[in-house]
Novice: 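Structure incoming, see below.
When a residue number appears, it is its place in the shown sequence, counting from 1. Note that this is a predicted model, so its numbers are computed, not measured.
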Amino acid sequence: MKRFHVLLLAFVLLIFSFSPQSIFASSNAKTEITYNPDGSYVITTLNISYTAAYSTSKTASKTAVAYSPNGSKICTFTVTGTFEINSGSSVSCTSASYSKSIYDSTWNFISASTSRNNSSSSQASASAKGYFKNATGGSQTLTPTVYCDKNGNIS
């Protein structure tokens, strides 16, 4: 019986060692839409990766999806940033990376770059810029940026 209680206690401690958000949350995505004058539009979605409550590191990504004026998906471009938070006193971006996909065969990926901004102790960011071009001369520049403040709030 004593062994059962020890195992039960260990199980309960294991469950509560995880962040409650990671156990119970179903979605943490935030979305915004930007319309372009030509009728095309970009849907940008922020996705925060959950970490253990005691972790000082957070990872988040922001994905920009470009659509043509007729609503067909052209391409996606994602920036992923990892941030190190120092107990509410400072934050720094420790890594920034990008990924891309093309869904319309008339479009090509031209170039991309990433950057980390740690110029302020109260906010850091991970940015990426992706440039896409199609055969008829059209172009699309996608520039998602993820921000993290010193309290670990991601936007």
Side-chain angles (χ1 to χ4, degrees), residues 8-38 40-68 71-104 107-134 138-155:
L8 181 62
L9 178 62
F11 177 74
V12 169
L13 289 173
L14 177 66
I15 293 298
F16 285 106
S17 69
F18 295 105
S19 166
Q21 294 172 332
S22 65
I23 296 169
F24 301 115
S26 59
S27 175
N28 60 342
K30 297 176 185 176
T31 302
E32 59 185 54
I33 301 173
T34 304
Y35 295 95
N36 298 319
D38 67 354
S40 65
Y41 57 98
V42 176
I43 299 177
T44 305
T45 305
L46 172 68
N47 194 348
I48 303 166
S49 301
Y50 286 118
T51 55
Y54 55 83
S55 177
T56 60
S57 179
K58 282 195 174 187
T59 300
S61 62
K62 195 173 267 190
T63 300
V65 183
Y67 291 88
S68 68
S72 62
K73 190 187 291 188
I74 297 170
C75 57
T76 64
F77 191 68
T78 301
V79 63
T80 301
T82 301
F83 302 92
E84 195 67 35
I85 299 112
N86 184 14
S87 301
S89 64
S90 66
V91 61
S92 64
C93 179
T94 57
S95 72
S97 61
Y98 76 87
S99 60
K100 58 161 176 54
S101 296
I102 297 177
Y103 299 94
D104 183 328
W107 285 80
N108 294 303
F109 173 71
I110 304 301
S111 65
S113 61
T114 60
S115 64
R116 296 179 293 148
N117 185 342
N118 292 312
S119 63
S120 167
S121 63
S122 62
Q123 185 176 18
S125 65
S127 302
K129 184 175 187 177
Y131 184 63
F132 300 83
K133 200 168 186 180
N134 70 8
S139 65
Q140 186 70 252
T141 301
L142 301 174
T143 56
T145 300
V146 179
Y147 299 93
C148 182
D149 70 18
K150 65 182 181 181
N151 298 312
N153 299 310
I154 304 281
S155 59

Novice: Keeping the roles fixed (side chain from R116, backbone from A96), state whether a donor-acceptor pair exists under 3.5 Å.
Specialist: no
Novice: Test of understanding: with side-chain contact (heavy atoms from CB on, under 4.5 Å), list the residues that count as partners of T44, not counting sequence neighbours.
Specialist: E32, V42, K62, A64
Novice: Rounded to the nearest 0.5 Å, how far apart are OH of Y67 and OG1 of T76?
Specialist: 9.0 Å
Novice: What pair of heavy atoms forms the shortest contact from S95 to A126, and how long is it?
Specialist: O-CB, 4.3 Å
Novice: Tell me which donor-acceptor pairs under 3.5 Å the side chains of residues 146-155 have, and how far apart each pair is, sequence neighbours excluded?
Specialist:
from: D149; atom 1: OD1; to: N151; atom 2: N; distance (Å): 2.9
from: D149; atom 1: OD1; to: G152; atom 2: N; distance (Å): 3.1
from: D149; atom 1: OD1; to: N153; atom 2: N; distance (Å): 2.9
from: D149; atom 1: OD1; to: N153; atom 2: ND2; distance (Å): 3.4
from: D149; atom 1: OD2; to: N153; atom 2: ND2; distance (Å): 3.0

Novice: Once side-chain contact (heavy atoms from CB on, under 4.5 Å) is applied, do any residues pair with T59, and if so which ones, sequence neighbours excluded?
Specialist: S49, T80, T82
Novice: Go through the structure and list residues passing side chain to side chain donor-acceptor pair (under 3.5 Å) with N36, not counting sequence neighbours.
Specialist: S40
Novice: Listed by chain and number, what are the side chain to side chain donor-acceptor pair (under 3.5 Å) partners of E84, not counting sequence neighbours?
Specialist: T56
Novice: Just jot down the side-chain contact (heavy atoms from CB on, under 4.5 Å) partners of S127, sequence neighbours excluded, or say none.
Specialist: S115, S125, T145
Novice: Could you pull out all residues at least two apart from S121 that satisfy side chain to side chain donor-acceptor pair (under 3.5 Å)?
Specialist: none
Novice: Rounded to the nearest 0.5 Å, how far apart are CD of Q140 and CD1 of I102?
Specialist: 11.5 Å
Novice: Just jot down the ring-ring contact (aromatic ring centres under 6.0 Å, His included) partners of F132, sequence neighbours excluded, or say none.
Specialist: F109
Novice: Can you sort out the partners of F77 under ring-ring contact (aromatic ring centres under 6.0 Å, His included), two or more places apart, ordered by chain and number?
Specialist: Y98
Novice: Any side-chain heavy atom of S68 sitting closer than 4.5 Å to one from D104?
Specialist: no
Novice: Counting distance only, does the side-chain N/O of N86 pair as donor-acceptor with the main-chain N or O of S90 below 3.5 Å?
Specialist: no
Novice: For T141, which residues count as a side-chain contact (heavy atoms from CB on, under 4.5 Å) partner, sequence neighbours excluded?
Specialist: K129, Y131, T143
Novice: Using every non-hydrogen atom in the two residues, find where S61 and T78 come nearest and quote the distance to one decimal.
Specialist: CB-CG2, 3.9 Å
Novice: If you look at every heavy atom in P144 and V79, which pair is closest and at what distance?
Specialist: O-CG1, 3.4 Å
Novice: Taking the side chain as every heavy atom from C-beta outward, state whether T63 and N47 have any pair of such atoms under 4.5 Å apart.
Specialist: no
Novice: For S101 and Y103, work out which heavy atoms get closest and say how close.
Specialist: CB-OH, 3.7 Å
Novice: Looking at residues at least two apart in the chain, or sitting in another chain, which of them share a side chain to side chain donor-acceptor pair (under 3.5 Å) with S92?
Specialist: none
